[in-house]
Structures are given as C-alpha cells and as structure tokens.
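A quick write-up on the structure given underneath.
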Protein chains: 4
Amino acid sequence: MARPLSEAKREAILAAACKLVAEHGTGAPTAKIAREARLAEGTLFTYFASKDELLNQLYLELKTDFAKLTVPSYPSNGSVRDRFEHFWNGFIDWGAKHPVKRKALRQLAVSDRITQETRDKSAIAFAEISALFEQGHRDGVLKDQPQSFIGTVLDALGTMTLDLIAQEPSQHEHYRKAGFSVFWDGISA
Amino acid sequence: MARPLSEAKREAILAAACKLVAEHGTGAPTAKIAREARLAEGTLFTYFASKDELLNQLYLELKTDFAKLTVPSYPSNGSVRDRFEHFWNGFIDWGAKHPVKRKALRQLAVSDRITQETRDKSAIAFAEISALFEQGHRDGVLKDQPQSFIGTVLDALGTMTLDLIAQEPSQHEHYRKAGFSVFWDGISA
Amino acid sequence: MARPLSEAKREAILAAACKLVAEHGTGAPTAKIAREARLAEGTLFTYFASKDELLNQLYLELKTDFAKLTVPSYPSNGSVRDRFEHFWNGFIDWGAKHPVKRKALRQLAVSDRITQETRDKSAIAFAEISALFEQGHRDGVLKDQPQSFIGTVLDALGTMTLDLIAQEPSQHEHYRKAGFSVFWDGISA
Amino acid sequence: MARPLSEAKREAILAAACKLVAEHGTGAPTAKIAREARLAEGTLFTYFASKDELLNQLYLELKTDFAKLTVPSYPSNGSVRDRFEHFWNGFIDWGAKHPVKRKALRQLAVSDRITQETRDKSAIAFAEISALFEQGHRDGVLKDQPQSFIGTVLDALGTMTLDLIAQEPSQHEHYRKAGFSVFWDGISA
DNA sequence: GATGAATGAGAATTCATTCAT
DNA sequence: GATGAATGAATTCTCATTCAT
C-alpha cells in the first residue's frame, strides 16, 4: 500500500458526523461533515464507501464506545442490586458526559438507514452484562422476564433519565438516583 | 365560496404524511406525500404553507388523536392503581392498533423541525390525566416525584412496550401486562 | 349579457398591477395583483385573458394617461420655446406626481412581454404634439433632425430629470429647470 | 488543488447570463444559463452562490468592461470639447459593438435584485473621467451643474443614441454625431 | 491517497391558468 | 360573473458521488 488509510482521519470523520447528526439529523450533508473533519469532500468517500456506510459505522462506534466505557468497570462482588446500580451510574454518567453522542444515537436509532444487521451487531457489545442478568435470575431478585425485556427497560429508563438531565444539568444526581429507583423497583421481584 | 377547502383532502394529506414519515422519516418528499394523497404536488401547499407546517400539524394531530382515544374513558371510581392500569391499557392498545402513527410520532419527536411551541401545545392534550396524578399523590401511593417525572416514565415505558409488541404482535397482552408491572412497581411508593 | 364587465374592477386590476409592477417588476404574481385589487385570483382572467395582455394593457393605459394629462393643455400661442417649456413642465410634473406609474412604465419599457404592436400604439397617443415639432421646424428654431429624434431626446432627458427628482424631491423645481435647459439648448438650432 | 475553478467557465457563465438576460430579463432561468454555458445546472452554483450573486457580478462586470474600454484612451491634451467628444465616441462605439451587453445592462439597471452596494461599486469604475469634468468646470465651458448631473445627462443621451443605432445600424455615425451635438450644446455654458 | 470541481437527479416551493361551484 | 381550490410545469438550489489532477 502506498499510503495506508489514516486512522486519525477516519475518526475525525466519525467525530464530525456525530456532531452534525446530533444537530441536524441524518440529513446532515457529507460535505459539511468533511469540512468539520478538515478534509476534502471526496476524502470522506475513501474512508466510507457511502453515506449509509458512514452512518452505520457511526451507530456501531457509538454503541461500542458506550459499552466499552460502561460495562467493564463494574465490581464483580457486591449484591446484584449494587452491581446494577454501579452499571446504571456508569450508563448515566457516560450519557451525561457525552450529550452530543447521545443525541446522535437517538437520531440514528429512528433512522431507516441503519440496517437490522447493524442493530444486531451493536447488541453484541452488551453481551458482557449478560452475566449480571443471569446471576440476578439465579438469585431470584429479578422479575421473571427474559433478559432482553429487562435490557430494554434499562435502555428506556436510562434514555429518559438522560433527557431529564440534559434539560436540568444541575439535577444530574437527583435524576440518576430517581431513575435507578424506578428501574430497580420496576424489575426486581 | 368557489370550492371550500376540503377537510377530506387535508386529512388525506396528513394520513399520507403520517405513512411516509413513519417509513422514511421527515425527509419524505412532499411530492410523494401529495401523490400518496392522490393530489397534485402544488395542492399540498394550499393546505399547508410549508413542509414544516405540515410536519408540526401532523405532530399535533397525532398527539391529540392519541390523547382523545386514550384519556377520556378511564373510570373515575376505582383505585388509583386500577385507573392507572386502565389508562395504560388504553395507551398500549392505541399504539398497537396504530403502529404507523406511532412510528411517525417517534420520527417527529426527535426532529428539530418540530418547534417547542408545538411540543408545548401537544402537552396540553394530556392535561386531563393530571387529576389522576394528583389523587395518587394525595393518597400517598406514588413516589414523591413531580408529575412530569412520572409522566416521562410512563411515556418511556409505554414506548418501549409498544416497540416490543411491534416486534412480537402475538405477545401483545403479555407485554402490556409486563410493562405495566414495571411501571407501577417503579413509581408506586 | 347577464352582468356586464365592471369598469371599476378593470381599473382596480390595472391600478393594482401598476403598483406591484413598480415595486417588483413584471414578475409580480397575478394572485397578488388580484388580492391588491380586492378580487379573487380567477376574476383577473375574466378581465384580461392572460398576464401578458394585462401587462400590455397597463403599458398602453399608462402611456395614454400620461399623454392625456400632459398634451392638451399647452398654449397654442406663444413662442415655440415657451410652448416646449410648457409641455416639458407638464411632463415633469406628471411624472413627479405619479412616481409609481413612472416606475411601472420603466419596468414595462424594458420587458420583452410588451409587444412591438403595443409600443407602436402607445406612440400614437403623442401624435398631438407633432404640430409643435412641425412649427418648430418651419420656424427654423430646431436642429435639423427628424421629429422622432427630438421626441426621443425629450423622453430620455425627461426620464432622467424625473429620476433625479425622485432621488431629491426637494429639488423638483431646480431639476425641472436644469433639465429643460439641457433639452432646449441641445435641440435648438 | 484537485481542479482549480476555471476562469474560462466563470466567463462562460457570465457570457451566457448576459445573453439570456438581454433577451428575457432577469427572469432567465439559471438552468438555461448553465446549458448555454455548456455546463451542468449545479456547476453554476460552484461559481456563483446564488442567482442574485450572479446577476450582481454580471452588472459589475459589464460596467467595468465598459469603463475599461472607454475611459482610458482619451487624449489628455486637446480642448475639453474634443476630449468629451472622444469619450462620447468611445461610449457609443462600445455600446454599438456590444448590443447584447447593453441590453443586459438595461435590464439589470431596473432590477431590484441589483443591490445599492453593487451600484456604488460600479460607479467607482468611472472615477477617472472626473478629471475631465473638473477641468471643464475650471475652464468655464460647462454649465454650472454638479458633475453627477452632467454624468447623468451623458448616460441618458448615450443610452438613447445607442437605442437609435440599434434600430438603424446603418445610421451609426449619423446618430453618434447628432447625439453628441445635443449633449454638448445641452451641457456647455 | 488527497483534493475539490463537476455532475444531474431530486427537493421545496411558486405561479399562471382552469374550472367546479 | 365571481370565486378560489386545483393543477403541474417551472424555478432555484442542494447534495451524494465521481473522477481529473
């Protein structure tokens, strides 16, 4: 290869796309994304074959990024409730710290340009918390529902909590706690 | 008057917009919306001055439609829990019956073309359930959180439940019940 | 005829067209013209078969109106110079009094929607000052040029003078006099 | 740079716009202008951000082009009258040689799409003949009027002369001479 | 690989004109 | 005759993508 694709440029494009999709939805023009990334219009297409591919990659990147920062750190000892709360707090703090990424994710989530394949792949990133769910079931502290159901509740209430925090940042801790209370009381047996 | 503006046509446009926005987001072309409504391209603009106005009206219409069908029927006697459940069931059944309207509403909700004014107006449609929240507080059966917080939880879990039903229509009743269980346990004191 | 066309409406349309063409050129929409005339969009077309016809009629009307108010009053005795000056003053005062009509006329004059036929017809309205030109020639006070040339000089300098007055209305009399001085010194032998 | 903006294409667009504006006024469609310039519709907008900008640039270009060809060549010795006549002849010959440019200029001059800023800028191009006006005043050969007035007379009579020549090209020299006679006799003391 | 000019298929919107009422 | 809704071609401008440099 004469000159390898630069990872830095790839990430600059994704970062730019994230910002513009958050602000203007998936209709954000590729030309603006390229400019925001300080690249020429055409260069974007050597890194992503099409806008759809860029959007799908971005979705994946954001989901993975979120999983990476949230999942690994939770304490493997402690009660199931504590571990869920630890996870919840990571979830909320990540989202509150990266409002732009969250907004972009919301836009992408409702777009028909994100394929089912991409959505499926992104779910894998969360596979690692499965262990937590399983233990919860074994211990009988969770309602008798499939993991996917509880995961969905988590996502819905987490998203909601982040929206509330986005509107009133000063109430960050209050909403984080209130949200977890609803979550835990809602899903525990 | 030569020919009065036809309410039927206005509604045909809204119905067409609903369908296409549900499928393709707010980027759905006005020309396609008009064709779907069996009208000429230009006619759309005698009913709605601009695409933005159409989108905002559609949002309002869907929210109001939803409120109209859901809100009024709940029994004014019975326990707070029963009344919440009755409301929840109306919410879920409406959404399950009108998946297209729901999808359109989700698209519109994240679009920056829906003004704050429109969002505020649409909130008024739900004013009538306030009484239910208030009684819940007076009776001490709800957690000590502002109405808006509980309303948001309701919306988040309701949306989630509808998404689950959309994926597995045969599990309609199961998810409706499971969703309410999470909701009630999550918000009751 | 069940109901004869109303002369008042015809004139309302012409007046409205005059105003809007003056402001926005011949691109002024017929719908706006109709509204300005307090008529329905369609009504305009029972008075004028097409926009082009309206524009041509307007051109003719304005030219004729101008001729009617300017031409007839000049004194048939007096020197050729005095009579020219009298005519000039009528010309300028009409134009200064009707700036909207003048602006409309300028827009129409450069438009390719005004046919040669209309332009020719409008020239006829000025036939009556021919006598003045002829006498001027006979008396040898005018340069040896065809009437049309001197008429054109008159039009050019008159238009110029009116533009200057439009810019500085307070200098009306000054410019009227200065303009005539250029005209007369320019065309007299 | 990948491919630099081509000056040739810019000029092709201006030339095409000139031709079509001369023929059909400022309403000439950008699509036709692009086609006339043998470019794709969209390409026009990489050279001019909007139709208004194109129109304003065209106005400026034509005025400047005219000034460049007319102004510089006049002899700095000789009588004021001779120098004015030299200038006049340049003016007329340019206009007669470029009837399309002249027609376009007339259309643009009455259009409200040409901003005051553009008009002011274009006036600067003529700053160089100021010296001629000033000397004329010092020598007392001109009527006691501001430069702008005499400049306006020049423009009005020049335009008129060119219109006459456009109608009868064979009389070019006759009208050029007759026009100057009116101008000089009209403005000299 | 990087650049950005070139492309042309849409996009929203306007408008002269027609015609049902 | 009057009305104004209906029409759809035309208009300006945008944008994903290509490709010459």
Side-chain angles (χ1 to χ4, degrees), chain A residues 1-6 9 27-35 38-55, chain B residues 1-6 9-10 27-35 37-55, chain C residues 1-6 9 27-35 38-55, chain D residues 1-6 9-10 27-35 37-55:
Chain A
M1 229 180 305
R3 223 179 310 179
L5 286 171
S6 138
K9 280 179 192 163
T30 52
K32 274 192 190 166
I33 293 171
R35 192 178 328 132
R38 298 175 181 282
L39 293 170
E41 279 180 58
T43 304
L44 189 152
F45 291 93
T46 76
Y47 287 84
F48 301 92
S50 68
K51 190 180 180 183
D52 275 7
E53 193 186 308
L54 167 58
L55 257 17
Chain B
M1 222 182 311
R3 218 179 311 181
L5 279 174
S6 140
K9 279 178 193 161
R10 197 190 114 92
T30 53
K32 276 192 188 163
I33 294 172
R35 193 178 327 131
R38 297 176 181 282
L39 293 170
E41 276 180 62
T43 304
L44 188 152
F45 293 94
T46 74
Y47 286 84
F48 301 92
S50 67
K51 189 179 179 181
D52 274 8
E53 195 186 306
L54 168 58
L55 257 17
Chain C
M1 230 180 305
R3 223 180 311 181
L5 287 171
S6 140
K9 281 180 190 162
T30 53
K32 274 193 189 165
I33 294 171
R35 191 179 329 132
R38 297 174 181 282
L39 293 170
E41 280 180 57
T43 305
L44 189 151
F45 293 93
T46 76
Y47 287 85
F48 301 92
S50 69
K51 189 179 180 183
D52 275 6
E53 193 186 307
L54 167 58
L55 257 17
Chain D
M1 223 180 310
R3 220 178 310 182
L5 279 174
S6 139
K9 279 178 193 160
R10 198 190 114 93
T30 52
K32 276 192 189 164
I33 293 171
R35 193 177 328 133
R38 297 175 181 283
L39 293 170
E41 276 180 61
T43 304
L44 189 151
F45 293 95
T46 75
Y47 287 85
F48 301 92
S50 68
K51 189 179 179 183
D52 275 8
E53 194 186 305
L54 168 58
L55 257 17

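Everything numeric here is computed off the predicted structure, so don't read it as measured data. Any value given below was found using the heavy atoms of this structure, including those in side chains, with hydrogens, waters and symmetry copies removed.
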Rounded to the nearest angstrom, tell me the gap between atom CZ in D:Arg35 and atom C1' in F:dT11. 13 Å
Sidechain-backbone polar pair: D:Lys9 side chain, D:Ala37 backbone, donor-acceptor under 3.5 Å: no
Taking the nucleotide of DNA chain E with the nearest heavy atom to each, does B:Lys32 or C:Gly27 sit closer to the 5' end? B:Lys32
Just N and O in the side chain of B:Thr43: are any of them under 4.0 Å from OP1 or OP2 of F:dA5? no
Are the side chain of D:Lys51 and the backbone N or O of D:Pro29 linked by a donor-acceptor pair below 3.5 Å? no
Just how far, in rounded Å, is P of E:dT3 from CZ of A:Arg38? 13 Å
Residue mapping more 5' on DNA chain F - nearest nucleotide basis, A:Ala49 or D:Ser50: D:Ser50
Of all the heavy-atom pairs spanning A:Leu44 and A:Ile33, show the shortest one and how long it is. CD1-CG2, 3.9 Å
What contact category does A:Ala28 fall into here, base, sugar-phosphate, or nothing, at under 4.0 angstrom with non-hydrogen atoms? sugar-phosphate
Rounded to whole Å, the CG-P distance (A:Asp52 to F:dC15) equals 16 Å
Provide the closest heavy-atom pair for C:Ala49 versus C:Glu53 in the form atom of the first, atom of the second, distance. CB-OE1, 3.4 Å
Could you tell me how far apart D:Ile33 (CD1) and F:dC13 (P) are, to the nearest whole angstrom? 11 Å
Please classify the nucleic acid contact of B:Tyr47 as base, sugar-phosphate, or nothing, using heavy-atom distances under 4.0 Å. sugar-phosphate
Short side-chain N/O contact from C:Thr30 to OP1 or OP2 of E:dC15, under 4.0 Å: no
Given F:dG8, E:dT17, E:dG8, identify the nucleotide with an atom nearest to the side chain of D:Ala40. E:dG8
Separation of atom CZ in B:Arg10 from atom C1' in F:dA6, rounded to whole Å: 18 Å
Between its two end axes (five pairs each) the helix from E:dA2-F:dT21 to E:dT21-F:dA2 turns, nearest 10 degrees, through 0°
Kindly point out which of F:dA6, F:dT17, E:dT3 is positioned nearest to the side chain of B:Leu5? F:dA6
Taking only side-chain N and O atoms of D:Thr46, does any of them lie within less than 4.0 angstrom of OP1 or OP2 on E:dA5? no
Any donor-acceptor pair under 3.5 Å linking the side chain of D:Tyr47 with the backbone of D:Leu5? no
To the nearest 0.5 Å, tell me how far B:Leu54 CG sits from B:Arg10 CZ. 9.0 Å
Of all the nucleotides listed (F:dC13, F:dT17, E:dA16), which has the minimum atom distance to the side chain of D:Glu41? F:dC13
Nearest non-hydrogen partners of D:Ala40 and D:Ala34, listed with the distance: O-CB, 3.7 Å
Toward the 5' end of DNA chain F, by each residue's nearest nucleotide, D:Ala31 or C:Gly42: C:Gly42
Starting at CG of D:Leu55 and ending at P of F:dT12, how long is that distance when rounded to a whole Å? 10 Å
Provide, to the nearest angstrom, the distance between the CG atom belonging to D:Leu44 and the C1' atom belonging to F:dT14. 14 Å
Remember a base hit wins even if backbone is also touched, and classify C:Lys9 as base, sugar-phosphate or nothing at under 4.0 Å, heavy atoms. sugar-phosphate
Where each residue is assigned the nucleotide of DNA chain E containing its nearest heavy atom, which of D:Leu39 and B:Lys51 is assigned the position nearer the 5′ end? D:Leu39
Closest to the B:Pro29 side chain, choosing from F:dT12, E:dA11, E:dT18: E:dA11
Roughly how many Å is it from CZ in B:Phe45 to C1' in F:dG8, rounded to a whole number? 13 Å
